[in-house]
Amino acid sequence: MCKLFVGARSDLWESQTRSIRMEGMVTSVRLEKAFWMVLEEIAERDSMNVPQLLHQLYNESLDEGHDIGNFTSFLRVCCLRYIDLRLHGLVQQTIEGSTLPVEEVLDREGEIHARRMARSLDRGLDRGLARRGGADRAH
C-alpha cells in the first residue's frame, strides 16, 4: 500500500508560496502543490479564482467566529473535506451538479464522521482485547 503513496509524483508535495491581498494587506500562503490543485478546483467550481476563494473563506470564517490563527492548516482541512465530500457524493465538481443544501451536506457529513469514529473505536477495542488476551495467555 505504501508504494501507492511513495510512487506518486514528488512535485505534489513540493511547497509553493503564493501572495494574496486580503483586506488591503498582502499575505503569503505556503501549501503543497497538491493542495493548491484542490483549491484551484474549488475556486473554478464556484466561478472564482484562488485569491477570491481564500478571501471569501477567510471572511466567512471570521463571520462564523472561528479563530483563523493557522490559516494554512484551515485550508488543508478544507481541501481534505472537499475531497471527502466529493467521494461521498455530497458535493459535485460543478455547481450545476450540486443539489443538496449546505445544512443537509453538513448533517450527512456528521453522520459519515460518526460512523468512522465508531469503526475506529471498534478497531481500537479489538486491538485492546487482542493484546489483553495475549497477555492473559502469557501468564
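Distance check: T27 OG1 to I20 CD1 gives 7.0 Å after rounding to the nearest 0.5 Å. In this structure, I42 CD1 and C78 SG are separated by 7.0 Å, a value rounded to the nearest 0.5 Å. Between the OG atom of S47 and the CD atom of Q52 there is a distance of 10.0 Å, given to the nearest 0.5 Å. In this structure, OG in S73 is found 9.0 Å from CG in L75, a value given to the nearest 0.5 Å.
Under the 4.5 Å side-chain criterion, counting only non-hydrogen atoms from C-beta, L31 is in contact with R76. Side-chain contact check for L39 versus C79: some heavy-atom pair is nearer than 4.5 Å. A heavy-atom distance below 4.5 Å is found between the side chains of K33 and R9. A heavy-atom distance below 4.5 Å is not found between the side chains of E44 and N49. Side-chain contact between H55 and R21 is absent, with no heavy atoms from C-beta onward closer than 4.5 Å.
Formation of a donor-acceptor pair under 3.5 Å by the W36 side chain with backbone atoms of Q16 is found in this model.
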Kindly list each side-chain donor-acceptor pair under 3.5 angstrom involving residues 60-69, sequence neighbours excluded, with atom names and distances?
from : atom 1 : to  : atom 2 : distance (Å)
E60  : OE2    : Q56 : NE2    : 2.7
S61  : OG     : L57 : O      : 2.8
D67  : OD1    : G69 : N      : 3.2

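In summary, E109 and R115 do not engage in a salt bridge, as defined by a charged side-chain N under 4.0 Å from a carboxylate O. Salt bridge status for E41 with R45: absent, with no side-chain N to carboxylate O gap under 4.0 Å.
Nearest approach of R108 to E104, heavy atoms of both residues: NH2-OE2, 2.7 Å. Residues M22 and F71 come closest through the heavy atom pair CE-CE2, 4.3 Å.
Both F35 and M48 belong to a single network of hydrophobic side chains, linked directly or stepwise wherever heavy atoms of I, L, V, M, F, W or Y lie under 4.5 Å apart. Note: the hydrophobic cluster containing L80 also contains L53 (ILVMFWY, side chain heavy atoms under 4.5 Å, direct or indirect links). L12 and V77 sit in two unconnected hydrophobic clusters of ILVMFWY residues. Membership requires side-chain heavy atoms under 4.5 Å apart, directly or through other members.
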query: Does the side-chain hydrogen bond (donor to acceptor under 3.5 Å, both in side chains) test come out yes or no for N70 and T72, once each step is laid out?
result: CA-CA 6 Å; N70 193 339; T72 53; 3.0 Å; yes
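Remark: Y58 OH is loosely packed, at most 12 non-hydrogen atoms of other residues, nucleotides or ligands lying under 6.0 Å away. Counting heavy atoms of neighbouring residues, nucleotides and ligands inside a 6.0 Å radius, atom CZ of R18 exceeds 12 of them. Counting non-hydrogen atoms of other residues, nucleotides and ligands closer than 6.0 Å to NE2 of H113 gives a total of 12 or fewer.
When each of D84, D107, L85, L106 is checked for a side-chain contact (heavy atoms from CB on, under 4.5 Å) with L90, only L85 meets the rule.
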